[in-house]
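These values consider heavy atoms only, across backbone and side chains, with no hydrogens, waters or symmetry-generated copies. Everything quoted here is computed from the prediction, not taken from an experiment.
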Amino acid sequence: MTAVTQPTALPPPVTSLSRDDARRMALRAQGLLGAPDRRAGVHGVLRHLGAVQLDTISVLARSHELVPYARLGAVGRPAVEAAYWATAPSGAPAARPHSFEYWSHAACILPIEEWPHFAFRRRAWRARGHRWHVMEDSERSCAAVLDRLTADGPLTTSDLGGGRKGGEWWDWSETKIAVEWLLDTGQVVCTQRRAWKRVYDLAERAVPDALLHDDLDDAECLRRLVAQAGAAMGVATRADLADYHRLKAEQVDAVVADSGLVPVEVEGWGKPAWADPAALAAPPRGRHRTTLLSPFDSLIWDRPRTERIFGFTHRLEAYVPRPKRIHGYFAMPLLAGGRLVGRVDPAREGTTLVARQVSMQGPKAVAPMAQALREAATWVGCDSVRVDRCDDRKLADALRLELTHMSD
């Protein structure tokens, strides 16, 4: 593995930013301030963000669908899937993918152009020699998977013979361990999900020839990922840059000076920060998006950063026992006027979008909440909105009245 050089002393900041400057830069960098790039569409959102997190939870829609919706509005859900996953008609040569799935912030959809940048992570897996599961006969099991994919691929785990031995979800079969190991180390790639199952193919068949290499050394991979993260966030601390693609702090330290990002200081942050020069060159302007955000949206997936930028504490409670939940199973923050001003735990009952639990930061958040709920309902095919609970009775009455006026 190529050694990463040691960091040099931090240079002095080139400028000082106010809290509001940093907040607006972050919003614009994330595509939530200014006119959306509708011509580039969902694929443009993916390229700009650099990573869209996947998650199994589906309430209004799955998180990877909610991310472009938040930026582009009511883009058709089939169009979202088509933009992520390239498919070919039966009998046709495999289409070149727009993206691939790999380990970034978590399991994420990544632009196919980033394949070379994750060579450092594939090498790290190879050096480790195994994932958390250990195969009984790795050489035989991996060869069997590669032979099947060569002859019959692309295939799901079920096509390959099944993912579990019959016990709990983590009790993987030898075949499942093998194909995931091959994905970790880059011999196999996932460029599509079918009924939420990964579809595996040979990397040499799915990844374009110009990108199918591990030529970049560790330092160059890290430099490019830090630069990409900085551009996607606008302005960020070292911890922010590390969290975006789940790098180590020392890895960021070793390359940030050569990433093209420039040192700045931000009011109230108390730690050194780095900014994208393009974000500094033009003050953020334009309309703020009013929308509900997935808890896994890259604007807010880093909880300490969310608190620092928006003064908003958010926690995913899906895995919290029901009696201990405060805001609900899948509470979605409300973004309006460039601030996080409320949250709602949504559900669907037939053609009704149900706001199971709502909280808002004062009367000014009522109209944006109603707008966001109505737009979300239309997007997922609901024709009405019902508010079940709200932590403020007067605000609940005002929200119901606003929704009634909007439906008249």
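Shortest non-hydrogen contact noted between Ala275 and Val264 is CB-CG1, 3.9 Å. Summarising the geometry of Arg47 relative to Pro111, their closest heavy-atom pair is CA-CG, 3.8 Å, with the distance given to 0.1 Å. Here the shortest heavy-atom pairing between Asp217 and Arg123 reads C-NH2, 3.4 Å. Of all non-hydrogen atoms in Asp201 and Leu149, the two that sit nearest each other are C-CD1, 4.4 Å. Of all heavy-atom pairs spanning Leu292 and Ala376, the tightest one is CD1-CB, 4.4 Å. Between Cys108 and Gln53 the shortest heavy-atom distance is SG-CA, 3.7 Å.
Residues Trp103 and Asp184 bring a donor and an acceptor atom of their side chains to less than 3.5 Å of each other. Donor-acceptor pairing under 3.5 Å is lacking for the side chains of His314 and Arg303. With 3.5 Å as the limit, one finds no donor-acceptor pair spanning the side chains of Glu220 and His117. For the residue pair Asp383/Thr351, the side-chain donor-acceptor check at 3.5 Å is satisfied. Side chain to side chain, Gln30 and Ser298 meet the donor-acceptor criterion of an N or O pair below 3.5 Å. In the model, Lys197 has no side-chain atom that pairs as donor or acceptor with a side-chain atom of Thr157 under 3.5 Å. A side-chain donor-acceptor contact under 3.5 Å links Trp85 and Glu81. Side-chain contact check for Glu375 and Tyr69: at least one donor-acceptor pair (N or O, by modelled atom type) lies under 3.5 Å. With no hydrogens or angles considered, no side-chain donor-acceptor pair links Asp297 and Ser294 at under 3.5 Å. Defined by atom type and a distance below 3.5 Å, a donor-acceptor pair is missing between the side-chain atoms of Glu267 and Ser18. With 3.5 Å as the limit, one finds no donor-acceptor pair spanning the side chains of Gln192 and Arg198. When only modelled atom types and interatomic distance are considered, Glu180 and Tyr200 share a side-chain donor-acceptor pair under 3.5 Å.
Side chain of His98 to main chain of Leu110: no donor-acceptor pair is present (N/O by atom type, distance under 3.5 Å, no hydrogens or angles). A donor-acceptor pair is defined here as one N or O able to donate and one able to accept, closer than 3.5 Å; such a pair exists between the side chain of Arg325 and the backbone of Val320. Within the 3.5 Å criterion, the main-chain N or O of Gln187 finds no donor-acceptor partner in the side chain of Glu204. In this structure, the side chain of Asp345 engages the main chain of Tyr329 through a donor-acceptor pair within 3.5 Å. Between the side chain of Arg348 and the backbone N or O of Leu60, at least one donor-acceptor pair lies under 3.5 Å. Looking only at distances, a side-chain donor or acceptor of Arg289 sits under 3.5 Å from a matching main-chain atom of Ala70. Judged purely by atom type and a 3.5 angstrom limit, Glu65 has no side-chain atom pairing as donor or acceptor with the backbone of Val80. A donor-acceptor pair under 3.5 Å links the side-chain atoms of Arg246 to the main chain of His105, judged by distance alone. The closest donor-acceptor contact from the side chain of Gln251 to the backbone of Lys248 lies under 3.5 Å. Side chain of His213 to backbone of Asp215: a donor-acceptor contact under 3.5 angstrom is found.
Here the straight-line distance linking atom OG of Ser141 with atom NZ of Lys176 works out to 14.5 Å at 0.5 Å rounding. Atom CG of residue Leu335 and atom CG of residue Leu27 lie 6.0 Å apart, to the nearest 0.5 angstrom.
Asp388 and Arg386 are joined by a salt bridge, as a carboxylate oxygen and a charged side-chain nitrogen come within less than 4.0 angstrom of each other. Under a 4.0 Å N-O distance rule, the pair Arg339/Asp20 qualifies as a salt bridge. We find that Asp243 and Arg305 are not joined by a salt bridge, their nearest charged nitrogen and carboxylate oxygen being 4.0 Å or further apart. Between Arg148 and Asp159, none of the side-chain N atoms (NZ, or NE/NH1/NH2) sits under 4.0 Å from a carboxylate O, so this pair counts as no salt bridge.
Heavy atoms of other residues, nucleotides or ligands lying less than 6.0 angstrom from CZ of Arg38 number more than 12. Counted within 6.0 Å of CZ on Arg322, heavy atoms from surrounding residues, nucleotides or ligands total 12 or fewer; the atom is thus considered open.
With a 6.0 Å cutoff to the six-membered ring centre and a 45° limit on the axis angle, Arg62 counts as a cation-pi contact of Trp196.
Checked against the 6.0 Å centroid criterion, the rings of His64 and Tyr84 qualify as a close aromatic pair.
Between Trp125 and Trp181, the angle of the ring planes goes over 60°, which puts this pair in the perpendicular group of the 30/60° scheme.
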